Amino acid sequence: MITIRPAREADLDGFLTLASEVEHWFGPMVHEPGFHRAVRAHIRDGAALVAEAADPATAAEPGLAGGLLFGPEPPTYHVHWLVTAARLRGAGVGRLLMAEALRRYVTGPGTVEVITFGPDHPGAVESGARVFYERLGFRPGEPADPGPEGGSRQLYRLDVPVRRGWTRAAHG
């Protein structure tokens, strides 16, 4: 079973482990002070979530099952970083992280934006990121600036309607 919870300062090493699994697609992060600062700032601001494998069968390897850094500023929300542990990709971890982020941070109306791999980037297929976002209802937008490793990027958007009877204070 996968559980989603707000990230804590003690989760920094878990975020770095996740980052080490995707640096070949995103460029250097583990030894980059800017990445450390970004993770800590999201944690401090309550805008970071982690996934943990609570089932011993899926937790055979220690560490976080996934992590997400979110920009909860309406009306345009941003997925700043979302990574699922390689051992659990395709197991629904990313979907659970996104569902919790939308429930916790997004009130609508608005748009959730994420920059992911461009169609010609090697990570576009191998990571499954583009298909992942499309299955969640995101639609491709315009090209974005290349990533730090020089690979192409593209903006994806998800329109979010207003939620009646829902407030962040009641659910946050």
Side-chain angles (χ1 to χ4, degrees), residues 2-8 11-30 32 34-53 58 61 63-74 76-106 110-119 121-141 144-149 151-160:
I2 303 294
T3 57
I4 308 299
R5 65 166 172 80
R8 302 183 285 257
D11 293 318
L12 178 61
D13 285 344
F15 275 97
L16 296 177
T17 298
L18 292 169
S20 73
E21 294 182 5
V22 296
E23 283 187 316
H24 61 288
W25 292 325
F26 289 108
M29 291 179 280
V30 174
E32 291 297 320
F35 181 71
H36 292 236
R37 282 191 301 274
V39 172
R40 285 190 172 106
H42 281 81
I43 291 171
R44 182 187 60 246
D45 295 343
L49 299 173
V50 295
E52 294 180 308
T58 57
E61 297 179 42
L64 296 178
L68 180 141
L69 305 178
F70 201 78
E73 300 83 23
T76 305
Y77 306 89
H78 294 95
V79 177
H80 292 154
W81 193 78
L82 171 61
V83 172
T84 297
R87 70 186 189 279
L88 293 169
R89 287 196 192 118
V93 174
R95 182 176 294 275
L96 290 170
L97 282 163
M98 282 300 299
E100 181 60 18
L102 294 174
R103 184 197 72 77
R104 183 177 289 269
Y105 304 122
V106 179
T111 304
V112 179
E113 294 184 346
V114 62
I115 294 177
T116 192
F117 303 118
H121 191 289
V125 174
E126 190 177 339
S127 74
R130 292 172 64 89
V131 170
F132 168 76
Y133 288 114
E134 289 168 8
R135 286 183 179 159
L136 292 178
F138 284 78
R139 65 189 190 291
D145 290 338
E149 84 301 348
S152 67
R153 297 290 191 271
Q154 186 171 6
L155 180 70
Y156 270 63
R157 289 187 181 92
L158 174 70
D159 292 325
V160 180

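Keep in mind that this is a model prediction, so the values were computed, not measured.
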ask   = Taking atom types as modelled, is there a side-chain donor on His121 or Glu126 under 3.5 Å from an acceptor on the other?
value = no
Heavy-atom check, side chain of Phe132 versus side chain of Leu82, under 4.5 Å = yes
message = Return the NE2 to CG distance between His78 and Leu155, rounded to the nearest 0.5 Å.
response = 7.5 Å
ask   = Between the main-chain N or O of Gly141 and the side-chain N or O of Gln154, is there a donor-acceptor pair closer than 3.5 Å?
value = yes
ask   = Any sub-3.5 Å donor-acceptor pair from Arg89's side-chain atoms to Ser127's backbone N or O?
value = no
query = Can you find a heavy atom in the side chain of Leu158 that is under 4.5 Å from one in the side chain of Tyr133?
reply = no
task = Describe, in one word, how the ring planes of Trp25 and Phe117 are oriented to each other, choosing from parallel (under 30°), tilted (30 to 60°) and perpendicular (over 60°).
result = perpendicular
request  = State, with a plain yes or no, whether a side-chain heavy atom of Phe138 is found less than 4.5 Å away from one of Met98.
outcome  = yes
query = What is the distance from atom CD of Glu21 to atom CZ of Phe26, rounded to the nearest 0.5 Å?
reply = 12.0 Å
ask   = Any side-chain heavy atom of Thr17 within less than 4.5 Å of one from Leu64?
value = no
query = Would you call Asp11 and Arg5 a salt bridge, taking side-chain N to carboxylate O under 4.0 Å as the test?
reply = yes
query = Do Phe70 and Trp81 have ring centroids that are under 6.0 Å from one another?
reply = no
query = Are Val50 and Ile4 close enough that some pair of their side-chain heavy atoms sits under 4.5 Å apart?
reply = no
query = Does a side-chain heavy-atom distance below 4.5 Å link Val22 with Met29?
reply = yes
message = Would you compute the distance between atom CG of Asp145 and atom CD1 of Ile115 and round it to the nearest 0.5 angstrom?
response = 7.5 Å
query = Residues two or more places apart in sequence or in another chain: which of them pass ring pair (Phe, Tyr, Trp, His ring centres under 6.0 Å) with Tyr156?
reply = none
query = Would His36 and Leu12 satisfy side-chain contact (heavy atoms from CB on, under 4.5 Å), going step by step from the backbone distance to the final call?
reply = CA-CA 8 Å; His36 292 236; Leu12 178 61; 4.2 Å; yes
query = Would a 4.5 Å heavy-atom cut-off, applied to side chains only, mark Leu49 and Arg104 as touching?
reply = yes
inquiry  = So Pro146 and Arg153, do their side chains get closer than 4.5 Å, heavy atoms only?
reply    = no
